[in-house]
Amino acid sequence: MDRPLHSVRTRLDDFLAELATLHYRNGAGLPPESSAAQLLASFPALSSPDTFSAANEALAKARSKNDALTARRIQLVREVVASHVEDALAARHVDAIASLEAEARLTVDDQTYAFGEALARIPREPGRARRALLERATGEFLWQNRTRYGDRREAALHAAEQLGAKDYPTLRQDVTGIDFTKLAESAQLLLAKTEDAYRDVLAYVLKKVDPLLRPLPSGEARRHDLQAALQAPWMDGFFRREDAFPAVVRWLGEWGLTPNAGGRIRIDDEDRPGKASRPFVAVVRVPDDIRLVLQPRGGLDGLAGLLHEMGHAQHRAHVSDTLPMELRRLGDASVTEAHAAVFERVLLSPEWHKRYLGLPTMAARDTVRLAAFQALALLRRHAAKLSYELSLTRKGASAERADEYADGQRHALFVEPHPGFFLHDVDPQLYVAHYLRSWALETQLTARLTERFDEDYWRNPAAATWLKGLYARGGTDDAEGLATETSGTPLALPEAGERLVAILNR
């Protein structure tokens with residue numbers, strides 16, 4: 001590898017460990033020992049266009065020699081460099097937004113909330129009128145400060161310019177290998193194929209929240225109503241917070257796995273002020289230092305989040321420690337998201353709920369349909385986000401993009417969104433594409449598990465052994481390659497929706 005690339009590769013593992021430790025401490029409610037800006041400033045080569053140019057040259061050389069392994073390693077580092085070029089350009093805007101949100105105080109009726117607190121309360125607020133006030137307050141705050149959020153999004157366009165790409169989607173397609181045009185077409189097909197089933201169940205869950213609620217276009221349901229319905233509060237009695245982790249531990253034990261993966265996963269479940277309300281994983285060292293941060297929550301959504309993050313942790317903790325750094329540490333994000341989704345999708349099995357949570361037969365069936373609806377709503381939301389975010393990262397932030405965002409979400413979800421969220425409801429680096437591809441891959445992996453190990457694969461240790469064999473390969477595989485190898489067919493996003501529709505129609 002050329003000298004700039006070699007120096008980046010030499011330090012990258014340690015740098016990512018420091019960055020993950022910072023992420024862990026911030027999310028776990030512990031005092032940070034440094035800042036992201038300080039870490040980035042200490043490693044300027046990682047965010048240098050010159051390093052990206054060196055990676056381009058090294059990649060072309062490896063490909064000319066038909067050296068697939070070296071090309072894969074360079075390609076993964078090259079993606080990280082492109083992302084950090086953008087991160088460096090966005091750093092001051094990210095810091096400004098963090099300060100803005102930390103200092104903001106929103107008044108709703110007679111109470112004052114921090115911005116993050118108000119945002120988190122929306123789906124869990126039982127009163128519709130108060131939910132509407134919370135949504136309006138957060139949406140108006142975001143709209144009033146759209147210039148700040150727009151500056152962050154503009155950094156992506158500047159990164160594409162610095163790295164010599166025609167536009168930002170072209171840059172991300174170049175470094176990830178994702179065909180965004182093809183994926184966007186698949187997303188539109190998915191929306192068309194799943195619309196009827198989604199609308200039918202949406203009408204049902206909205207009525208469970210409020211008997212007078214109806215979806216668009218005939219009704220007046222808003223995004224906050226859907227968020228409340230997706231919490232399925234009427235099922236909370238079956239999903240107590242104290243039952244979730246023990247149920248997952250029992251399941252893993254029967255499956256031949258342990259929650260801490262022989263000490264490689266560190267579980268932080270201490271109750272601590274300032275701790276993130278949702279579980280997350282900090283990948284400090286692969287595979288020996290994976291940190292799973294938990295703040296026990298009740299409800300079906302809480303159990304889904306726990307399963308998802310446990311899937312991430314188990315995947316990372318079983319990567320082979322003999323792989324080169326790039327293949328051990330890096331990889332196609334769609335693959336690790338797919339492995340996390342495989343864990344979460346056990347919620348689609350009524351027998352799993354009966355065995356590990358003791359649910360009665362009818363409650364287990366209802367839960368499966370709700371879990372399928374939650375998954376479909378998320379899938380449709382992201383399918384609409386993809387087209388919008390491709391437009392946003394080509395044309396830049398503007399009032400027209402706000403209208404485009406609202407139109408897309410309205411037609412996908414059949415509830416009225418607040419347009420103020422058009423720059424907030426965006427993941428960096430077009431990560432929405434990784435989520436969509438991961439759900440397509442998960443559908444194929446789960447189908448393969450069912451085919452090889454039957455419908456109760458989730459309690460067959462041989463199935464877990466098969467998955468660990470995939471985990472061990474780290475970043476060797478991209479989503480397309482893994483899909484073709486395990487199922488014999490390429491990724492097919494509409495199939496992910498069709499599987500969920502089949503469950504809803506039972």
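Residue numbers count from 1 along this sequence.
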key: Polar contact flag, side-chain donor to acceptor under 3.5 angstrom, Ser34-Glu18   = no
inquiry  = I'd like to know whether Asp268 forms a salt bridge (charged side-chain N to carboxylate O under 4.0 Å, His left out) with Arg272, so could you lay out the CA-CA distance, the side-chain angles of the two residues, the decisive distance to 0.1 Å, and finally the verdict.
reply    = CA-CA 10 Å; Asp268 179 351; Arg272 193 180 297 123; 3.1 Å; yes
request  = Compute the ring centroids of Phe343 and His308, then answer whether they are less than 6.0 Å apart.
outcome  = no
query = Between Ala412 and Ala384, what is the shortest heavy-atom contact and its length?
reply = CB-CB, 3.6 Å
message = Per the side chain to side chain donor-acceptor pair (under 3.5 Å) rule, what does the pair list look like for residues 472-483, sequence neighbours excluded?
response = Arg437-Glu480, Arg473-Asp477, Arg473-Glu485
ask   = For the side chain of Thr336 and the backbone of Asp332, is there at least one donor-acceptor N/O pair under 3.5 Å apart?
value = no
message = Can a donor-acceptor pair be found, under 3.5 Å and without considering hydrogens, that links the side chain of Thr51 to the backbone of Ala45?
response = yes
message = Treating His382 as the side-chain partner and Leu378 as the backbone partner, does any N or O pair qualify as donor plus acceptor under 3.5 Å?
response = yes
Distance under 6.0 Å and angle within 45° of ring axis: Arg316 vs Tyr471 = no
task = Give the minimum heavy-atom separation between Val293 and Gly27, together with the two atoms involved.
result = CG1-O, 4.5 Å
request  = State, with a plain yes or no, whether a side-chain heavy atom of Asp301 is found less than 4.5 Å away from one of Leu230.
outcome  = no
query = Does the gap between the ring centers of Tyr24 and Phe280 come in under 6.0 Å?
reply = no
key: Side chain Ser53, main chain Pro49, donor-acceptor under 3.5 Å   = yes
note = side chain to side chain donor-acceptor pair (under 3.5 Å) pairs touching residues 494-506, sequence neighbours excluded, are Lys193-Glu498, Glu442-Arg499, Thr443-Arg499
ask   = Between the side chain of Arg328 and the main-chain N/O of Val286, is any donor-acceptor distance below 3.5 Å?
value = yes
task = May I have the step-by-step check of side chain to side chain contact (heavy atoms under 4.5 Å, CB included) for Leu467 and Gln314, ending in yes or no?
result = CA-CA 10 Å; Leu467 277 177; Gln314 293 289 333; over 6 Å; no
inquiry  = I'd like to know whether Trp352 forms a side chain to side chain contact (heavy atoms under 4.5 Å, CB included) with Thr367, so could you lay out the CA-CA distance, the side-chain angles of the two residues, the decisive distance to 0.1 Å, and finally the verdict.
reply    = CA-CA 11 Å; Trp352 191 94; Thr367 296; over 6 Å; no
query = Parallel, tilted or perpendicular: which fits the ring planes of Trp439 and Tyr435, with parallel below 30° and perpendicular above 60°?
reply = parallel
key: Gln409 and Tyr388: side chain donor to acceptor below 3.5 Å   = no
query = Is Arg285 salt-bridged to Asp13, going by a charged N under 4.0 Å from an acidic O?
reply = yes
message = Less than 4.5 Å apart, side chain to side chain, heavy atoms only: is that true for Glu57 and Ile74?
response = no
task = Taking atom types as modelled, find out whether Glu337 and Ser438 have a side-chain donor-acceptor pair closer than 3.5 angstrom.
result = no
Taking every non-hydrogen atom, the tightest pair across Leu413 and Tyr198 = O-OH, 2.9 Å
message = Looking at every non-hydrogen atom in both residues, tell me the closest pair between Val81 and Ser48 and how far apart they are.
response = CG1-O, 4.0 Å
query = Aromatic rings His315 and His339: how do their planes relate, parallel, tilted or perpendicular, breaks at 30° and 60°?
reply = tilted
query = Please walk me through it: do Asp243 and Arg240 pass salt bridge (charged side-chain N to carboxylate O under 4.0 Å, His left out)?
reply = CA-CA 5 Å; Asp243 295 336; Arg240 301 183 306 169; 2.9 Å; yes
message = Determine whether a donor-acceptor pair (N or O, by modelled atom type, separation under 3.5 Å) exists between the side chain of Arg153 and the backbone of Val426.
response = yes
Gap separating the OG atom of Ser7 from the CZ atom of Phe43, nearest 0.5 angstrom = 6.5 Å
inquiry  = Applying the side chain to side chain donor-acceptor pair (under 3.5 Å) criterion to Ser487, which one of Gln444, Glu451, Arg448 satisfies it?
reply    = Gln444
inquiry  = Pairing donors with acceptors under 3.5 angstrom, does anything connect the side chains of Arg78 and Asn56?
reply    = yes
message = Between Asp289 and Arg291, does any side-chain N to carboxylate O distance fall below 4.0 Å?
response = yes
ask   = For Tyr356, is the NZ or CZ atom of Arg250 found under 6.0 angstrom from the centre of its six-membered ring and inside 45 degrees of the ring axis?
value = no
key: Worked check of side chain to side chain contact (heavy atoms under 4.5 Å, CB included) between Asp87 and Gln429   = CA-CA 10 Å; Asp87 289 345; Gln429 282 109 38; 3.3 Å; yes
key: Ionic contact status for Glu270 with Lys275, cut-off 4.0 Å   = no
Val80 side chain near Leu330 side chain, heavy-atom distance below 4.5 Å = yes
message = Any carboxylate oxygen within less than 4.0 angstrom of a Lys/Arg side-chain nitrogen, looking at Arg11 and Asp14?
response = no
task = Determine, for Asp67 against Arg72, whether the closest basic-nitrogen to carboxylate-oxygen distance falls under 4.0 angstrom.
result = no
ask   = Is there a donor-acceptor pair closer than 3.5 Å between any side-chain N or O of Gln38 and the backbone N or O of Ser35?
value = yes
Presence of salt bridge, Glu351 and Lys354, under 4.0 angstrom = yes
key: Pairing of Arg152 and Glu86 as salt bridge, 4.0 angstrom limit   = yes
